[in-house]
Each structure stands twice: as C-alpha cells, then as structure tokens.
K.L.:
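Take this structure first; my questions come after.
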Amino acid sequence: QVQLVESGGGLVQPGGSLRLSCAASGSIFSISAMGWYRQVPGIHRELVASINSGGGTNYADSVKGRCTISRDNGKNTAYLQMDSLKPEDTAVYYCNAILILTPQDERPTLYWGKGTTVTVSS
C-alpha cells in the first residue's frame, strides 16, 4: 500500500514557526511533484506550495516569504517550514504527491494525505 503521512501540525502563537513533514511510503518508483494544500471548513482547498522533481517551487502569494518547501528524495519526504505564522494560516494542511509506482507507468497518480491541523492563536 502506498500512502502519504503528514506530521508536525499543532498549536502555535502568532509569529511562531512550525515544520510540517510528509512522508511517502510503500512501493514507489519515483516521486514527481509534491505539494502542500490547506483548507478551512466551508472554504475551498488552496495550494500553499509545491515543488517539482527538478526542485522548482511555487508559493501562494499569502505565504510567500514566510514558507519554504523542500524535499528529501532519499527519504521520500517533503517539508513545509512555516515562519511568522498568522491566525489566518489556521487550517488543515494536506500533503499531495504525484507518484510513479512502476517504471512502466504512463499515468502517474495523485495521492493525498489525511491532513495535519495547524492552529495559530494566542
């Protein structure tokens, strides 16, 4: 079974920092892009940051300069370092990844984690 498992969420005061981790496990040939999304109940899920296989990154304007996405290919893990957190960053953060399970795969599959909750509050 292939799965993505997020960790690192929690309660933090405004201005604080968190480091989220997303570990992919199972039989995986390679990982293409990985990304982080967030969702507030009743609000659409939005992209926070993504990183492709070549290391290129994209960030939402709302987090640009405060967040850094990275990946460790040897560990099949992506990270989201979040600094200077604001109350509006409160959300459930979901990891996703485009996975290639076998060398023969012509249609990579998008996988989602179950989410980790980030709460920014005094």
K.L.:
Determine whether a donor-acceptor pair (N or O, by modelled atom type, separation under 3.5 Å) exists between the side chain of Glu6 and the backbone of Cys95.
P.N.:
yes
K.L.:
Got a second to check how far Gln3's CD is from Ser25's OG, nearest 0.5 Å?
P.N.:
4.0 Å
K.L.:
Please enumerate all residues that pass ring pair (Phe, Tyr, Trp, His ring centres under 6.0 Å) together with Tyr37, with sequence neighbours excluded.
P.N.:
Trp112
K.L.:
Where do Ser7 and Thr116 land on the side chain to side chain contact (heavy atoms under 4.5 Å, CB included) test, with the steps shown first?
P.N.:
CA-CA 6 Å; Ser7 62; Thr116 185; 5.8 Å; no
K.L.:
Heavy atoms only: give me the nearest Arg19-Ser70 pair and the separation to one decimal.
P.N.:
NH2-OG, 4.2 Å
K.L.:
Between SG of Cys22 and CZ of Arg71, what distance do you get to the nearest 0.5 Å?
P.N.:
10.5 Å
K.L.:
Keeping to residues at least two apart or across chains, list the salt bridge (Lys or Arg N to Asp or Glu O under 4.0 Å) pairs with something in residues 92-105.
P.N.:
none
K.L.:
Quick one: does Asn96's side chain have a donor or acceptor within less than 3.5 Å of a partner on Gly35's backbone?
P.N.:
yes
K.L.:
Under the disulfide bond (SG atoms under 2.5 Å apart) definition, can you give me all pairs with a residue in residues 35-69, not counting sequence neighbours?
P.N.:
none
K.L.:
Which pairs count as salt bridge (Lys or Arg N to Asp or Glu O under 4.0 Å) when at least one residue sits in residues 55-64, sequence neighbours excluded?
P.N.:
Asp61-Lys64
K.L.:
Identify whether Tyr79 and Val5 are in the same connected component of the hydrophobic contact network (ILVMFWY, side-chain heavy atoms under 4.5 Å).
P.N.:
no
K.L.:
For Thr90, does its backbone N or O pair with a side-chain atom of Arg38 as donor and acceptor, under 3.5 Å?
P.N.:
no
K.L.:
Quick check for you: to the nearest 0.5 Å, what is the distance between Asp89 atom CG and Ser62 atom OG?
P.N.:
7.0 Å
K.L.:
For Phe29, which fellow cluster members are found when Ile, Leu, Val, Met, Phe, Trp and Tyr are connected by side-chain heavy-atom distances below 4.5 angstrom, either directly or through intermediates?
P.N.:
Ile100
K.L.:
Supply the members, apart from Leu101, of the Ile/Leu/Val/Met/Phe/Trp/Tyr cluster built from side-chain contacts under 4.5 Å; use none for a lone residue.
P.N.:
Val2, Leu4, Val12, Leu18, Leu20, Ile28, Ile31, Met34, Trp36, Val48, Ile51, Tyr59, Val63, Ile69, Leu80, Met82, Leu85, Tyr93, Leu99, Tyr111, Val118, Val120
